[in-house]
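This report concerns only the one structure given below.
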Amino acid sequence: MRNKKLNKDRTLVLGLEHFIDKIGYQAQIYYEKNIKVKYLVSNKNGNSEYFAEKYNANIEVLPKNRLFIVYKLVKNLIIYKPKFVEIYDTGYMFLIYLIFSALFNKKIIVILRGHELHKCNRKKNNLNYFMHKLGVRLSYKYVIKEENLIYEYKALGFDENKYIEIYNSVPMPQKEDEIVGKDIDLLYLNSITKDRKVFFLAKVVKKVLLSKPDLNVVMTGFNTLDNPDYSFDPEQEYKTIDFIKKNNLVEKIQIKGFVKNSREYHSRAKLFLFPTDIVFLNYSLLESMSYGAVPIVSAGEGAEKIINNDNGYILPLDEDLWVNKIIELLENDELRESKSKNAIVTVQEKFSMESWFEKMMGARS
């Protein structure tokens with residue numbers, strides 16, 4: 001009976017810049033639970049069709065013209081007949097998505113990922129505040145993914161009965177996904193943004209390589225290498241690449257742009273390095289831990305909610321501390337393997353897609 005009921009709860013997802021793995025995980029479990037979902041995406045990275053096919057997801061790539069986007073939106077609201085609409089705030093279209101979804105009497109669930117409320121204040125001329133004030137009024141629930149957003153939400157005086165915390169989650173690796181042997185010693189796999197200290201990490205890696213020159217190091221997210229329009233922080237990317245070149249590290253550090261097969265890298269990694277202002281709850285961190293990569297992260301927001309002395313390390317942004325801990329883990333197989341097993345258990349017990357799904361169903365009820 002439950003599955004028959006859920007099958008009627010069609011969902012339309014709006015506001016995504018593209019369809020990638022982390023949205024694919026959600027699409028996959030919705031499919032497994034017999035909930036029909038369609039995604040209208042902008043496809044900024046040009047890879048949405050690839051990932052949609054990977055997860056057998058129902059997506060429609062939107063045109064750039066806003067009038068045509070509105071046409072596609074209305075068409076889907078009429079023909080697809082969703083009961084729920086999940087809306088991500090990605091700019092001014094958020095307001096349009098809100099209004100039309102409300103006009104068609106849909107149950108609106110707003111998804112907040114990180115910085116959407118940062119520019120809001122209570123001044124009457126603040127469009128961001130107005131949009132989210134209206135969003136709270138029109139929505140069924142606000143889903144908040146990061147701890148800092150809860151404080152911002154409350155500070156703005158929004159209805160506290162309207163939000164629910166649902167953190168990022170990932171599927172556990174299947175046997176067919178596993179790759180025997182870990183040949184990547186150090187891995188950074190994330191987009192490069194202002195709050196992620198990739199230049200600091202490059203300096204750390206340089207020092208580690210002085211002691212252990214034969215390491216296999218992979219750093220990804222340098223989108224200026226293959227898709228500059230998709231770069232979040234070109235200045236930080238250029239600065240880091242220039243450092244790597246000037247210090248003759250090009251042969252030592254593999255630098256890559258956006259990688260489609262991220263789980264292949266995670267499964268091969270011994271250590272996952274993540275110096276950042278906001279740790280909780282990064283998808284790539286969870287993915288790497290699910291494959292047993294031992295995380296070393298900075299003391300960023302929420303780090304203690306996932307990392308402890310059993311499954312990894314939280315360190316201040318001190319180059320020598322990072323260098324010493326990396327070398328210790330690489331040289332002590334027993335220590336590394338113990339933390340690796342605990343990293344897997346942490347994700348399995350607390351951040352699985354099954355737990356995510358149950359919470360999302362709670363947001364609908």
Side-chain angles (χ1 to χ4, degrees), residues 10-33 35-65 68-69 72-73 75-76 80 86-88 90-91 93 111 113-114 145 168-179 184 187-193 218-234 237 254-269 272 282-288 290-291 293 353 356-357:
R10 292 188 179 212
T11 300
L12 186 66
V13 181
L14 307 171
L16 288 170
E17 304 96 326
H18 37 244
F19 190 93
I20 52 179
D21 274 325
K22 56 189 177 184
I23 306 300
Y25 304 153
Q26 299 171 14
Q28 190 171 47
I29 197 162
Y30 273 145
Y31 176 79
E32 291 170 1
K33 302 297 184 180
I35 294 181
K36 292 185 177 180
V37 182
K38 184 173 183 179
Y39 300 83
L40 304 188
V41 299
S42 298
N43 197 26
K44 287 186 178 180
N45 68 356
N47 293 310
S48 292
E49 288 95 342
Y50 168 85
F51 286 104
E53 185 176 352
K54 179 179 177 180
Y55 293 99
N56 194 29
N58 182 8
I59 77 164
E60 185 172 345
V61 174
L62 294 171
K64 293 183 178 181
N65 185 290
F68 287 131
I69 292 176
K72 293 277 189 180
L73 169 63
K75 182 179 178 181
N76 275 279
Y80 187 65
E86 294 180 12
I87 306 178
Y88 290 80
T90 49
M93 288 303 296
I111 314 290
R113 292 175 290 186
K145 292 190 169 191
N168 295 335
S169 298
V170 296
M172 296 305 295
Q174 303 299 309
K175 286 186 177 180
E176 59 268 23
D177 297 329
E178 294 177 2
I179 295 177
I184 297 177
L187 175 66
Y188 174 87
L189 196 158
N190 252 299
S191 57
I192 294 171
T193 59
V218 177
M219 296 177 67
T220 77
F222 294 90
N223 295 315
T224 51
L225 296 175
D226 47 25
N227 191 351
D229 292 337
Y230 187 48
S231 175
F232 293 95
D233 193 341
E237 289 187 36
Q254 297 182 54
I255 54 173
K256 298 178 179 292
F258 175 80
V259 293
K260 293 181 180 179
N261 53 337
S262 61
R263 286 204 154 225
E264 176 186 333
Y265 291 90
H266 292 308
S267 66
R268 294 164 53 199
F272 180 83
N282 181 262
Y283 270 107
S284 194
L285 170 62
L286 286 177
E287 289 166 343
S288 240
S290 76
Y291 278 99
M353 288 307 299
W356 178 89
F357 177 79

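- The shortest side-chain heavy-atom distance between Tyr88 and Glu17 does not fall under the 4.5 Å cut-off.
- Side chain of Ser288 to backbone of Ala293: no donor-acceptor contact under 3.5 angstrom is found.
- The side chain to side chain donor-acceptor pair (under 3.5 Å) check on Asn43 picks up Ser48, Glu49, with sequence neighbours excluded.
- Of all non-hydrogen atoms in Leu40 and Lys72, the two that sit nearest each other are CD1-O, 4.5 Å.
- For the atom pair CD1 of Ile20 and OH of Tyr25, the computed distance is 9.0 Å after rounding to the nearest 0.5 Å.
- Taking a 6.0 Å sphere around OH of Tyr230, one finds it holds more than 12 heavy atoms contributed by other residues, nucleotides or ligands.
- By the side chain to side chain donor-acceptor pair (under 3.5 Å) test, Gln254 is found to be paired with Asn216, residues two or more places apart in sequence or in another chain being considered.
- The pair Lys256-Glu264 fails the salt-bridge criterion, with no side-chain N (NZ, NE, NH1 or NH2) lying under 4.0 Å from an Asp/Glu carboxylate O.
- Minimum heavy-atom separation, Ser284 to Asn190: CB-ND2, 3.6 Å.
- At least one donor-acceptor pair under 3.5 Å links the side chain of Asn223 to the backbone N or O of Phe258.
- For Tyr50, the OH atom counts as densely surrounded, since its 6.0 Å shell holds more than 12 non-hydrogen atoms of other residues, nucleotides or ligands.
- Tyr55 is linked by a side chain to side chain donor-acceptor pair (under 3.5 Å) to Asp21, counting only residues two or more places apart in sequence or in another chain.
- The shortest non-hydrogen separation linking Gln26 to Tyr283 is NE2-OH, 3.2 Å.
- Atom CZ in Phe272 sits 11.5 Å away from atom CD1 in Ile184 (nearest 0.5 Å).
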